[in-house]
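Naming: A, B, ... by sequence-line order, numbering from 1 per chain. Note that the structure is predicted; figures quoted are calculated from it, not measured.
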2 protein chains.
Amino acid sequence: MDTMSHLREFGAVDAYLKECASRTVLAAIANKWTCLLVDALQDGPVRFGELRRRLDGITQKSLTQTLRTMERDGVVVRTVYPTIPPRVEYSLSELGQSVVALMAGIRRWSEDHVPEIMAARDRYDLRAAEDPRPVPVD
Amino acid sequence: MDTMSHLREFGAVDAYLKECASRTVLAAIANKWTCLLVDALQDGPVRFGELRRRLDGITQKSLTQTLRTMERDGVVVRTVYPTIPPRVEYSLSELGQSVVALMAGIRRWSEDHVPEIMAARDRYDLRAAEDPRPVPVD
DNA sequence: CTGTATCCTAAGCGATACTG
DNA sequence: CAGTATCGCTTAGGATACAG
């Protein structure tokens, strides 16, 4: 039997399966920039330049690219005001709003457990110095 | 003032800041393999080979690497049973368990919104065919 | 202001071969 | 069984320059 295609027809929507569409969705939303952008947009429309300032360290290219992907997935709505100079606002669609709690939760969890995790890293790296096993960088 | 270092000392734990440790934590957990691994381990210890089978499409290298990073961050506990052949089990630490609900939530959201998102992609790509703007792949 | 285009480097990942 | 080591490709992403 062919489990590689027509997954929706067979009702097999399972992110554990390589060829399942839900895997591409998971890959699309499970990354830092998407997470921060959903979080940043939760209180209403934000302009491109403002997003660039809020997401410290993101390049214009990455921001454009991530927003474009989110727009394509129907998570974000892009509104262009035909003024001079142009003004573009990004906001969450209803679909985007449905994932706000999850994304905000992840951001908050990351912030809340920094001391714990930094300590764990220090401990691991210390033990790895004695017992030589490969150490992931950051 | 220097906002680039000693963030913990100043109490500025903010994932929006490039140099903040919480940003590295966010980057570490906000990716598909980590999400699926936390989800896969939520019901108890699982062996390496079993994880490789469950996470369809992951290579041995990526699996080892991701598990190592999670172990270093204190999210996962690695237990080696000195048998022949060797048997290694991975389980969630208490820290890991504290993020299960979020990760499972993301996996479920991805699966639940597949039709909606696939439709959005089709719509976007169709409009992009007429009005030529760059289209993200996947 | 909000992008696009290009170049270039670094990281991710698959494939393969090998080990205790 | 559970890894390590290496190669080589593909992609992500930073820097820079330029445009509507």
Write down the distance between [atom1] ([X]) and [atom2] ([N]), rounded to a whole number of angstrom.
X: B/I58; N: D/dA2; atom1: CD1; atom2: P; value: 14 Å
X: B/Y81; N: D/dG3; atom1: OH; atom2: P; value: 13 Å
X: B/L55; N: C/dC13; atom1: CG; atom2: P; value: 12 Å
X: A/R87; N: C/dG3; atom1: CZ; atom2: C1'; value: 16 Å
X: B/L67; N: C/dC13; atom1: CG; atom2: C1'; value: 16 Å
X: B/L63; N: D/dC1; atom1: CG; atom2: P; value: 14 Å
X: A/I84; N: D/dA19; atom1: CD1; atom2: C1'; value: 14 Å

| task | Can you sort out the partners of A/A40 under side chain to side chain contact (heavy atoms under 4.5 Å, CB included), two or more places apart, ordered by chain and number? | result |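 In terms of side chain to side chain contact (heavy atoms under 4.5 Å, CB included), with neighbours along the sequence ignored, A/A40 is linked to A/L51, A/R54, A/L55, B/Y16.
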| query | With sequence neighbours left out, what residues match B/A15 under side chain to side chain contact (heavy atoms under 4.5 Å, CB included)? | reply |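 In terms of side chain to side chain contact (heavy atoms under 4.5 Å, CB included), with neighbours along the sequence ignored, B/A15 is linked to A/L36, A/R107, A/E111, B/S22, B/L26.
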Taking the side chain of [X] as its heavy atoms from C-beta onward, which of [options] lies nearest to it?
X: B/K61; options: C/dG3, D/dC7, C/dC1; result: D/dC7
X: A/P86; options: D/dG13, C/dC13, C/dC1; result: C/dC1
X: A/R47; options: C/dC1, D/dC1, D/dG14; result: C/dC1
X: A/Q65; options: D/dC1, C/dT2, D/dG13; result: D/dG13
X: B/R68; options: D/dC1, C/dC13, D/dT4; result: D/dT4
X: B/T64; options: D/dT4, C/dG3, C/dC13; result: D/dT4
X: A/Q60; options: D/dG13, C/dT2, D/dC1; result: C/dT2

| field | Earlier contact from the 5' end, DNA chain D, for A/K32 and B/F48 | value |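 Per heavy-atom nearest nucleotide, the more 5' residue is B/F48.
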| Want to settle it: does A/T59 or B/R52 sit nearer the 5' end of DNA chain D, counting the closest nucleotide to each? |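 The residue closer to the strand's 5' end, by nearest nucleotide, is B/R52.
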Answer yes or no: is there a donor N or O on one side and an acceptor on the other, between the side chain of [X] and the main chain of [Y], under 3.5 Å?
X: B/S93; Y: B/G74; answer: yes
X: B/S62; Y: B/I58; answer: no
X: A/T34; Y: A/A28; answer: yes

| request: Look at B/S62 and C/dG14 and indicate whether a side-chain polar atom (N or O) is within less than 4.0 Å of OP1 or OP2. | output: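 Affirmative; the distance criterion is met.
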| query | Looking at A/R78, does any N or O in its side chain come under 4.0 Å of the phosphate oxygens OP1/OP2 on C/dG3? | reply |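 The answer is yes; a side-chain N or O of A/R78 sits under 4.0 Å from OP1 or OP2.
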| request: For B/Y90, answer base if it contacts any base atom (sugar-phosphate contacts may also be present), sugar-phosphate if it contacts only those atoms, and nothing otherwise; contact means non-hydrogen atoms under 4.0 Å. | output: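 Result for B/Y90 = sugar-phosphate.
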